[in-house]
Amino acid sequence: MKKATFSEYQEAKAEVMKGGECREYTDTDEYGRVHKTICCEDGNNFYELTANGVTEFWSTKHSESRKYEEPQAAGQEPQEVEEDKEAACKERRKQVIKRLYALVYWFADEMLSEEEAEAREEAEFEREKAEKPGELVMRVSAHDNNARVMKHCMKATRDAVNYLRNKENEVEDWQIAGINAMLDQCNKENIVAYDLPYAINGLLLQWDEVTKK
């Protein structure tokens with residue numbers, strides 16, 4: 001059976017759990033082995049079997065099973081265990097930065113779309129005025145304001161990315177988990193909340209950035 005790192009185990013589970021709302025079922029058999037199944041609304045499932053610190057896992061997306069072995073179960077020294085934990089934390093931080101890059105792009109794309117729509121409407125308005133001299137021609141648009149909102153959201157997300165990229169900033173696992181939880185919930189609801197970047201700023205304790213906005 002192929003071995004896997006903790007990060008690979010997490011990635012395999014996350015891949016399945018992107019399939020909408022999920023439910024988790026856990027059971028322990030007569031030998032003390034823990035059986036866990038995660039069922040998602042798109043029909044995909046994630047399975048794992050844990051015994052003696054070793055977790056075997058597979059899914060409907062990847063039927064070939066792999067095993068993740070807890071460092072202490074593998075007979076590592078305490079220092080090696082801490083190094084593994086630190087490496088896993090760095091990997092989780094790297095992955096959440098990638099997710100925030102995608103969020104920056106989404107806000108940038110929306111901002112440009114609003115600016116382009118404003119330009120088209122302005123051109124149409126000027127054409128109509130020229131064609132109807134002496135007549136009252138009115139135009140009401142929210143595109144400029146929408147573009148400004150998207151720009152502020154993009155900046156707030158960029159602030160979070162820059163904070164995470166700075167190795168001097170201490171970021172704990174609970175903060176990374178919180179960011180992922182917010183992003184996952186937005187994915188489940190198929191929405192992008194405009195206050196999401198500011199919530200992330202607050203979670204990272206970026207008080208100066210939050211109070212400026």
Side-chain angles (χ1 to χ4, degrees), residues 1-78 80-103 106 157 160 164 171-200 202-205:
M1 185 184 303
K2 185 178 178 181
K3 289 186 178 181
T5 64
F6 179 67
S7 294
E8 289 172 333
Y9 161 74
Q10 284 194 313
E11 289 170 5
K13 182 186 290 187
E15 181 183 13
V16 172
M17 294 183 70
K18 290 178 181 178
E21 184 176 356
C22 301
R23 292 188 178 184
E24 183 176 307
Y25 303 92
T26 303
D27 188 27
T28 303
D29 65 21
E30 57 184 314
Y31 302 104
R33 298 177 301 183
V34 179
H35 299 257
K36 183 182 293 184
T37 302
I38 298 175
C39 303
C40 300
E41 63 181 356
D42 67 352
N44 283 304
N45 299 329
F46 182 83
Y47 308 94
E48 57 181 80
L49 171 63
T50 302
N52 300 320
V54 179
T55 297
E56 179 184 356
F57 62 94
W58 66 98
S59 69
T60 48
K61 286 181 174 288
H62 299 285
S63 59
E64 182 182 358
S65 63
R66 290 177 285 172
K67 68 176 181 179
Y68 163 66
E69 190 169 0
E70 292 286 350
Q72 289 179 328
Q76 289 179 288
E77 295 296 326
E80 293 176 318
V81 172
E82 288 303 317
E83 288 174 353
D84 276 357
K85 288 182 178 179
E86 184 178 351
C89 185
K90 287 181 179 179
E91 181 61 26
R92 288 191 289 273
R93 188 164 174 166
K94 181 179 176 181
Q95 292 301 319
V96 84
I97 287 173
K98 288 183 179 179
R99 298 188 74 179
L100 292 181
Y101 276 144
L103 188 59
W106 191 90
T157 309
L164 288 165
V171 179
E172 298 184 20
D173 267 351
W174 67 266
Q175 293 170 299
I176 297 296
I179 295 173
N180 279 319
M182 287 190 283
L183 293 171
D184 289 342
Q185 187 62 36
C186 286
N187 285 338
K188 286 182 181 180
E189 297 182 29
N190 197 28
I191 62 170
V192 176
Y194 297 158
D195 53 357
L196 175 61
Y198 309 113
I200 293 172
L203 188 63
L204 292 173
L205 311 182

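Values reported hereafter were calculated over all heavy atoms of this structure, with side chains retained and with hydrogens, waters and symmetry mates removed.
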Counting only heavy atoms not in Asn190 (residues, nucleotides, ligands), do more than 12 fall under 6.0 Å from its CG?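 No, CG of Asn190 has 12 or fewer neighbouring heavy atoms, counting only those of other groups under 6.0 Å.
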Other residues, nucleotides, ligands: >12 heavy atoms within 6.0 Å of Glu189 CD: yes
Does some side-chain heavy atom of [Y] sit less than 4.5 Å from a side-chain heavy atom of [X]?
X      : Y     : result
Gln10  : Arg92 : yes
Asn187 : Arg99 : yes
Arg33  : Glu56 : no

Atom pair [atom1]/[atom2] of [X] and [Y] - distance to nearest 0.5 Å:
X      : Y      : atom1 : atom2 : answer
Glu15  : His62  : CD    : NE2   : 4.0 Å
Lys18  : Asp184 : NZ    : CG    : 8.5 Å
Asp27  : Lys36  : CG    : NZ    : 12.5 Å
Ile176 : Lys90  : CD1   : NZ    : 13.5 Å

Looking at every heavy atom in both [X] and [Y], which two are closest together, and how far apart are they?
X      : Y      : answer
Cys39  : Tyr25  : SG-CE1, 3.9 Å
Cys186 : Ala193 : SG-N, 4.4 Å
Leu203 : Gln175 : O-NE2, 3.0 Å

For Thr26, side chain to side chain donor-acceptor pair (under 3.5 Å) partners two or more places apart: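 For Thr26, no residue satisfies side chain to side chain donor-acceptor pair (under 3.5 Å) once neighbours in sequence are set aside.
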For Glu21, give me all partners under side chain to side chain donor-acceptor pair (under 3.5 Å), at least two apart in sequence or on another chain. none
Would you call the rings of Phe6 and Tyr68 parallel, tilted or perpendicular if under 30° counts as parallel and over 60° as perpendicular?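 Taking Tyr68 first and then Phe6, their aromatic rings sit tilted (interplane angle of 30° to 60°).
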Would you say the side-chain atoms of Arg93 pair up with the backbone N or O of Leu164, donor to acceptor, closer than 3.5 Å? yes
Donor + acceptor pair across side chains of Thr60, Asn45 (<3.5 Å): no
Results of salt bridge (Lys or Arg N to Asp or Glu O under 4.0 Å) for Lys13 - residues two or more places apart only: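 Partners of Lys13 under the salt bridge (Lys or Arg N to Asp or Glu O under 4.0 Å) test: Glu48.
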Thr157 vs Leu196, test: side-chain contact (heavy atoms from CB on, under 4.5 Å). Steps then yes/no. CA-CA 9 Å; Thr157 309; Leu196 175 61; over 6 Å; no
Residues Glu64, Trp58; criterion side-chain contact (heavy atoms from CB on, under 4.5 Å); working and verdict: CA-CA 6 Å; Glu64 182 182 358; Trp58 66 98; over 6 Å; no
Stepwise side-chain contact (heavy atoms from CB on, under 4.5 Å) check, Ile38 with Val16: CA-CA 9 Å; Ile38 298 175; Val16 172; 5.5 Å; no
Does Cys40 form a disulfide (SG to SG under 2.5 Å) with Cys22? I'd like the steps, not just the answer. CA-CA 4 Å; Cys40 300; Cys22 301; 2.3 Å; yes
Determine whether Asp29 and His35 satisfy the following criterion, side-chain contact (heavy atoms from CB on, under 4.5 Å), listing intermediate values before the conclusion. CA-CA 8 Å; Asp29 65 21; His35 299 257; 2.8 Å; yes
